[in-house]
Amino acid sequence: MNLLQDLTFSSFMWFLSGAVVLLAVVLGFVTYAIYFERKVIGWIQLRKGPNRVGPLGLFQTVADVLKLLLKEDTIPRNADRFLFILAPVIAFVPAFVVLATIPYTSLLQFADLNVGLLYYFALSSISTIGILLGGWASNNKYSLLGGMRSAAQMISYEVPLVMSVVGVVLLSGSLSLNTIVEGQAGGFWQWNILPQFVGFIIFIIAAVSELNRTPFDLPEAESELVAGYHVEYSGFRFAFFMLAEYVYVYAIAALTTVLFLGGWHSPLPFLDFIPAIVWFILKFLSIVFFLFWIRATLPRIRVDHLMSLGWKVLLPLALVNIFVTTIVIELIKYFK
Amino acid sequence: MSDQKQVTEMDPKESKKNIENIEEEVTEEPSPNQDRLDRIVELIKTNIAEDAIEVAFINELDRDLPCIVIRSPYWVKTAMLLKESELLKLNYLRNVSGIDFETHFEVVYYLLSMSTGNQLDVCIKVKADRENPSIPSITSVWNTANWNEREIYDLLGVQFPGHPNLKRIMMPDDWEGHPLRKDYEPIDPEV
Amino acid sequence: MIRTEELLLNVGPQHPSTHGVFRIIVKLDGEVITEATPVIGYLHRGTEKLAENLTYTQVIPYTDRMDYVSAMTNNYVLCHAVETLMDLEIPERAEFLRLIVMELQRIASHLVWWGTYLLDIGAMSPFLYAFREREMIVNMFNELCGARLTYFYMRVGGVKWDAPEGWIDKVRDFIPYMREKLDEYEQLVSGNEIFLARVKGVGTYDAQSAIDFGLSGANLRSTGVKFDLRKDQPYSIYDRFDFDVPVQTAGDCYARYLVRFEEIKQSLRILEQAVEQFPEDGQIMAKVPRVIRPPEGEVYTRIESPRGEIGCHIVSKKKPQPYRLKFRRPSFVNLQILPKLLVGETMTNLVTILGGIDIVLGEVDG
Amino acid sequence: MLENFKDFLLNGENLLFIFFSMLVIIGAVFLINLQKVVHMVIALATTFISLAGLYVLLEAEFLAFVQVLIYAGAMTILMIFGIMMTKHDRQNEEPKRPLHNGLLLLGSIGFFFIIYLAIQEAAFPIQEFTSVEENTELIGIDLFTWHVIPFELVSVLLTVAFIGAIIVAKREED
């Protein structure tokens with residue numbers, strides 16, 4: 001489908017309202033993802049987690065966000081004002097925009113782009129510029145180090161991330177996320193996670209790294225770099241960075257569901273009576289839970305190990321995966 | 001047998017202590033560490049100089065610890081000897097303290113051998129005069145002395161010529177005076 | 001060639017991983033440290049100066065505040081020094097109480113280290129697990145002396161408070177509980193690949209330099225030097241108990257980790273025996289004059305604190321106040337090796353190495 | 001004429017075209033005129049991303065997103081990275097050279113006229129644009145059938161350059 005087909009006023013308004021609804025959904029998700037994360041980690045660490053603001057602490061994040069918005073907005077005197085202000089925006093906007101091509105069900109999708117997968121990776125790479133600029137513009141050495149780390153990390157892990165999904169693309173013969181999900185219909189044995197298990201593992205590792213979350217949270221490693229690239233940020237600018245981070249959690253969890261876990265399809269055909277969106281949400285949430293779980297379990301990896309893992313393990317593995325997948329596909333074609 | 005303990009001249013403080021402990025002394029053998037002290041003294045006298053040792057005694061109060069007071073010009077050489085000599089191998093400097101005795105300063109080094117298996121302490125003292133206190137640095141012999149000497153310099157004002165970086169360590173660089181001296185008067189008594 | 005800009009970075013005095021007010025100026029080339037200069041003294045309170053105007057009993061609370069993670073051993077070293085000087089006989093029950101609280105304190109101190117070390121490395125859950133166990137010990141101390149951090153429990157000649165009823169049983173119950181938890185810790189952390197990669201071969205030094213820098217405690221024993229004052233120069237009643245001195249030979253952060261971890265187990269062994277042999281009743285204080293005037297002379301006593309050899313050097317002039325009181329603070333001495341270890345390491349390893357040395361800034365600055 | 005112009009403006013596609021072209025030009029101008037190197041790179045990134053927008057208008061989505069991925073994502077980050085790591089003292093103001101500037105002005109005007117004339121003279125063949133649904137697939141087929149040898153040669157060249165860079169960096173390290 002053409003991205004710009006019938007770009008009239010009414011379709012534009014439709015897109016706009018859709019975007020507003022999506023933004024609301026995403027903000028709601030982020031609010032409760034943070035709550036959920038704090039609860040999960042609290043349980044793992046034998047604590048209660050937030051339980052004071054509202055019933056069961058449900059309004060904790062709302063209160064936190066309010067606090068952030070009311071906070072004094074400080075800009076360091078020697079910072080590069082223009083870039084300092086611009087950086088959180090550059091980091092956040094792509095995070096939100098990448099959500100456009102995620103198919104939630106066969107009907108619920110904002111834009112079915114025929115290069116949807118590429119679109120996702122291309123735009124998500126722009127966020128790195130925001131982080132890097134934020135680190136540089138703060139004129140703080142810790143944030144500069146954090147920014148440098150994040151740049152090195154993002155570049156290194158973008159490559160295996162893209163390579164790991166080539167196998168999936170080969171299997172479904174399309175870069176369109178919708179087609180990829182359609183190809184996984186008919187039970188869990190059709191899901192890409194089985195034939196592309198190696199790809200899945202590489203994808204998950206690289207994805208956690210792209211998210212800058214534990215054990216790959218080096219750009220903001222609080223015990224080394226204090227807070228990394230956002231040391232100097234406060235108030236709503238800081239909130240923007242946080243928001244971008246959690247929107248990416250949302251995006252990556254959704255993408256993993258779409259690429260490897262069969263999207264909205266039920267695992268067993270007789271369970272089809274349950275609405276498709278429920279399956280999507282279940283799979284999506286289990287990925288989100290997984291991300292929180294490893295955060296509470298694993299220590300942080302070291303920069304040099306991170307680099308060698310990316311270049312020396314994940315990338316060659318991803319290449320081998322592509323190679324093997326291609327051969328198998330050709331063999332199947334040949335014998336058919 | 002008490003004069004055997006006194007290898008060189010009698011320390012007035014030490015003699016007083018002996019009088020106090022005289023009852024125990026009568027029944028007890030001479031300190032079991034006496035031999036060891038004698039050997040160390042012998043070693044220093046033959047290898048460094050006859051007058052390197054000011055006094056040597058056993059500190060009964062501290063579990064019969066052998067103590068030797070070294071004259072400061074010979075200190076670095078003696079330190080080398082104590083560390084390198086096959087017999088002693090006092091390679092572990094456990095503590096350095098500086099004391100202001102109002103008449104003079106004293107720096108006390110507690111040494112231990114980690115390699116001979118005979119883990120007996122030796123206490124070395126070096127004195128410095130009150131007016132312009134200076135004791136050669138032994139950082140080149142035991143690295144442990146580095147910060148300890150800086151601390152003593154900082155708090156007591158004893159100079160350690162030969163130290164690689166003799167700067168204040170605890171107090172700010174622009175602090176005046178040396179707080180652990182007995183006659184120390186803070187500039188601002190309120191602080 | 002493109003020269004990268006050399007970066008002068010002030011780590012601390014306020015930094016999450018310096019565990020207090022400690023500053024280290026590092027020159028960075030990219031992320032590699034080319035020079036490191038520690039700056040200390042931000043927490044210097046002049047304990048030694050203050051002590052010259054206080055009676056011996058009044059000094060004890062000041063020792064609590066030196067190594068505030070292990071206040072019991074600090075209490076002990078001062079009392080032990082005065083007692084040595086006075087040649088005091090300590091009642092059996094007091095000795096046992098002292099030994100039990102010191103070993104509990106060692107476990108508590110190592111737990112704090114274990115938790116914060118993993119926090120430095122980026123794992124946050126172990127911190128909370130360690131503090132849960134430490135909380136039990138702290139509660140026991142609270143019952144014993146009414147304080148949770150700065151105990152002021154020991155006095156010259158014994159201890160201030162007798163164990164309340166059932167206290168010894170609590171310690172007895174704690175031992176198997178702690179053992180079980182240690183197994184959990186081992187499963188969670190000691191075999192974690194990321195953790196091993198972070199600590200193995202990092203901050204390595206050999207026995208030679210460890211001795212040369214006067215390191216003590218786990219920092220020394222991780223290089224293969226089997227030296228533990230509890231065994232080699234026994235004090236209190238340690239010679240009555242059967243325990244091993246854990247030793248590793250690698251001399252890296254992992255070796256230090258293993259040594260401390262094993263020390264917790266050995267402390268539990270000592271506790272187990274001490275609880276069994278604990279005297280039913282008896283005095284907790286020796287006959288000590290109301291005003292303590294140790295005889296004129298000098299003494300240097302040293303004990304094995306969780307961080308290494310803590311020593312107390314007293315020069316007495318037969319006055320109620322010490323003429324000169326000097327503490328050999330193990331953290332202060334151990335920290336000296338840091339600049340040597342840091343050169344050529346990355347920023348990340350700075351945190352690992354600094355954490356591995358296990359310093360308490362209250363003690364470094366005295 | 002004006003009617004046409006109004007029609008032109010009412011078309012959303014044309015509006016986007018104007019928007020993106022303006023951004024491309026503004027980015028390029030700022031790239032040359034800004035003072036700080038990091039700001040320049042941001043201007044460059046704007047140009048790259050706007051170009052991608054133009055590609056989307058031309059229905060070349062694949063090209064557009066590859067453009068974003070490679071140029072805006074990887075290249076820009078590498079440039080900022082390099083700039084951050086190296087020293088950049090503000091150089092002294094360049095000496096004013098009136099003759100130099102005059103020549104530059106003359107050259108620019110000459111260049112403008114040549115291009116203008118060339119555009120005026122050129123006859124653009126009007127061709128019906130056929131929208132292709134699967135242009136990504138077509139690019140793939142094209143690359144791996146008709147242009148397979150240049151494609152492979154370029155990849156070999158890039159690999160050689162890559163290895164060369166590593167060797168050069170290694171040697172300087174020693």
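Heavy-atom basis, side chains included; hydrogens, waters and symmetry copies ignored. Chain letters run A, B, ... following the sequence lines, proteins first and then strands; every chain starts at 1.
Both the backbone and the side chain of C:Val11 come within less than 4.5 Å of a heavy atom in chain A. When heavy atoms are compared at a cutoff of 4.5 Å, C:Val199 does not approach chain A at all. Heavy atoms of C:Leu350 lying under 4.5 Å from chain A are absent altogether.
Seen from the ring of C:Trp113, C:Arg260 counts as a face-on cation partner, given the 6.0 Å and 45° thresholds. In this structure, A:Arg295 forms no cation-pi arrangement with A:Phe292, as its terminal cationic atom is not both closer than 6.0 Å to the ring centre and no more than 45° off the ring axis.
A:Trp136 has its side chain out of reach of A:Tyr229: every pair of non-hydrogen atoms, C-beta onward, lies at least 4.5 Å apart.
The pair A:Arg237-A:Asp73 meets the salt-bridge criterion, since a charged nitrogen lies less than 4.0 angstrom from a carboxylate oxygen.
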